[in-house]
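To start, the structure under review is shown below, and the notes come after it.
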Amino acid sequence: MQLIQSTPDLSAYLAADEVIDHHHPLVRETAAHLAENVDDSYDYARAAFEFVRDAIPHSADTGDPRVTWRASDVIAQRTGICYAKAHALAALLRAEDIPAALCYQKFEAVHGLVAVRFKGAWHRLDPRGGKPGAGARFSLAGEGLAFTADPDSGELDYPTLYAEPHPLVVRALKAAPDRAHLSRTLPTAL
């Protein structure tokens with residue numbers, strides 16, 4: 001699949017905003033800790049991916065009712081759905097000057113991913129983790145996503161790489177008082 005940047009300006013994929021708040025002290029501290037024992041930016045990206053995938057449970061898997069959406073809150077509260085986990089990973093990557101984009105898949109609801117840029121190309125990563133059968137892995141040699149879209153079933157991979165989280169995603173997360181409410185209001189398409 002050909003991935004398409006929503007903006008040609010690569011610096012947009014390094015920017016901080018209200019959601020991808022990589023200038024927050026907790027995000028910076030977490031990034032610095034992850035960077036301590038790595039040799040290069042590739043190893044750092046793997047460490048950040050594995051941290052978000054493994055150390056921040058998906059709230060639907062654990063039954064956690066809290067809804068997080070801002071990267072620093074996801075890291076602080078150690079919970080979030082796919083979108084929130086993607087926000088945290090994007091912030092950790094950007095904190096170390098690694099371009100990161102938000103991208104999405106469509107299943108029954110929209111699923112959030114991250115794309116990372118290495119060696120002139122974008123590579124999609126899925127920090128969802130947790131759920132049995134969701135074998136998300138870090139790879140630049142081929143996708144290791146948790147789920148594969150089946151076009152015959154109406155599922156799809158959106159090709160657009162967003163510098164900021166999609167507004168429908170942010171709106172749903174911010175409006176949800178708890179995860180049960182959120183599960184009823186997740187975007188079903190972009």
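From a predicted model like this one, the values you see are computed outputs, not experimental measurements.
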Can you check whether Tyr44 reaches Phe49 side chain to side chain, under 4.5 Å on heavy atoms? no
Take atom CD in Glu108; do more than 12 heavy atoms of anything else shown fall under 6.0 Å from it? no
Mind checking whether Pro25 and Glu29 have side chains closer than 4.5 Å, heavy atoms only? no
Nearest 0.5 Å please: distance from the CZ atom of Arg117 over to the CG atom of Leu10. 5.5 Å
Test side chain to side chain contact (heavy atoms under 4.5 Å, CB included) applied to Asp40 and Asp43, step by step: CA-CA 5 Å; Asp40 56 27; Asp43 287 342; 3.4 Å; yes
Any side-chain heavy atom of Phe51 sitting closer than 4.5 Å to one from Pro127? no
Should Arg179 and Thr79 count as side-chain neighbours, where that means a heavy-atom distance under 4.5 Å? no
Asp152: side-chain contact (heavy atoms from CB on, under 4.5 Å) partners, not counting sequence neighbours: Asp150
I want to know whether Phe147 and His111 have ring centres closer than 6.0 Å. yes
Going through the checks in order, is the side chain to side chain contact (heavy atoms under 4.5 Å, CB included) test met by His87 and Arg70? CA-CA 7 Å; His87 299 164; Arg70 183 178 287 120; over 6 Å; no
Are the side chains of Ile98 and Phe118 in touch, meaning some heavy atoms are under 4.5 Å apart? yes
Using a 3.5 Å distance criterion without hydrogens, assess whether the side chain of Tyr158 forms a donor-acceptor pair with backbone atoms of Leu190. yes
Any chance the rings of Phe138 and Tyr42 have centres within less than 6.0 Å? yes
Does Leu145 belong to the same Ile/Leu/Val/Met/Phe/Trp/Tyr cluster as Ile56, with side-chain heavy atoms less than 4.5 Å apart forming each link? no
Can a donor-acceptor pair be found between the side chains of Thr62 and Asp64 at a distance below 3.5 Å? no
Using the side chain to side chain contact (heavy atoms under 4.5 Å, CB included) definition, which of the options Val74, Ile75, Asp73 pairs with Gln77? Asp73
Look at the side chain of Tyr83 and the backbone N and O of Val110, then say whether any donor-acceptor pair between them is shorter than 3.5 Å. yes
Salt-bridge contact Asp157-Arg124 (side-chain N to carboxylate O under 4.0 Å): yes
So do Leu102 and Val169 actually touch side chain to side chain, heavy atoms under 4.5 Å? no
Does one hydrophobic cluster hold both Leu113 and Leu168, with members joined at side-chain heavy-atom distances below 4.5 Å? no
Non-hydrogen atoms of Val170 and Val19 that approach each other most closely: CG2-CG2, 4.1 Å
Give the intermediate values and the outcome of side chain to side chain contact (heavy atoms under 4.5 Å, CB included) for residues Tyr162 and Tyr13. CA-CA 8 Å; Tyr162 296 92; Tyr13 298 94; 5.8 Å; no
On a heavy-atom basis, the closest approach of Cys82 and Gly112 is SG-N, 3.3 Å
Quick check for you: to the nearest 0.5 Å, what is the distance between Arg46 atom CZ and Leu125 atom CG? 10.0 Å
Here the gap from Arg28 atom CZ to His24 atom NE2, rounded to the nearest 0.5 Å, amounts to 12.5 Å
Provide the closest heavy-atom pair for Thr68 versus Gly80 in the form atom of the first, atom of the second, distance. OG1-CA, 3.4 Å
To the nearest 0.5 Å, tell me how far His123 NE2 sits from Ser139 OG. 9.0 Å
Side chain of His22, backbone of Leu14: donor and acceptor closer than 3.5 Å? yes
What's the shortest heavy-atom distance between Ala48 and Leu92, and which atoms? CB-CB, 4.2 Å
Point-to-point distance, once rounded to the nearest 0.5 Å, from CG of Leu161 to SG of Cys103: 5.5 Å
Considering only NZ, NE, NH1 and NH2 on the basic side and carboxylate oxygens on the acidic side, decide whether Arg137 and Glu143 come within less than 4.0 Å. no
Nearest-0.5 Å distance, OG of residue Ser59 to CG of residue Asp178: 10.5 Å
Short N-O contact, Arg94 and Asp21, less than 4.0 angstrom: no
Which pair of heavy atoms, one from Lys106 and one from Thr188, lies closest together, and at what distance? CE-O, 3.2 Å
Would you please test Arg128 and Asp61 for side chain to side chain contact (heavy atoms under 4.5 Å, CB included) and show each step? CA-CA 10 Å; Arg128 191 227 187 271; Asp61 296 340; 2.6 Å; yes
Any idea which heavy atoms bring Ala86 and Val114 closest together, and the distance? O-CG2, 3.3 Å
Is any side-chain heavy atom of Leu3 closer than 4.5 Å to one of Thr160? no
Heavy-atom side-chain proximity of Leu173 to Ile81 below 4.5 angstrom: yes
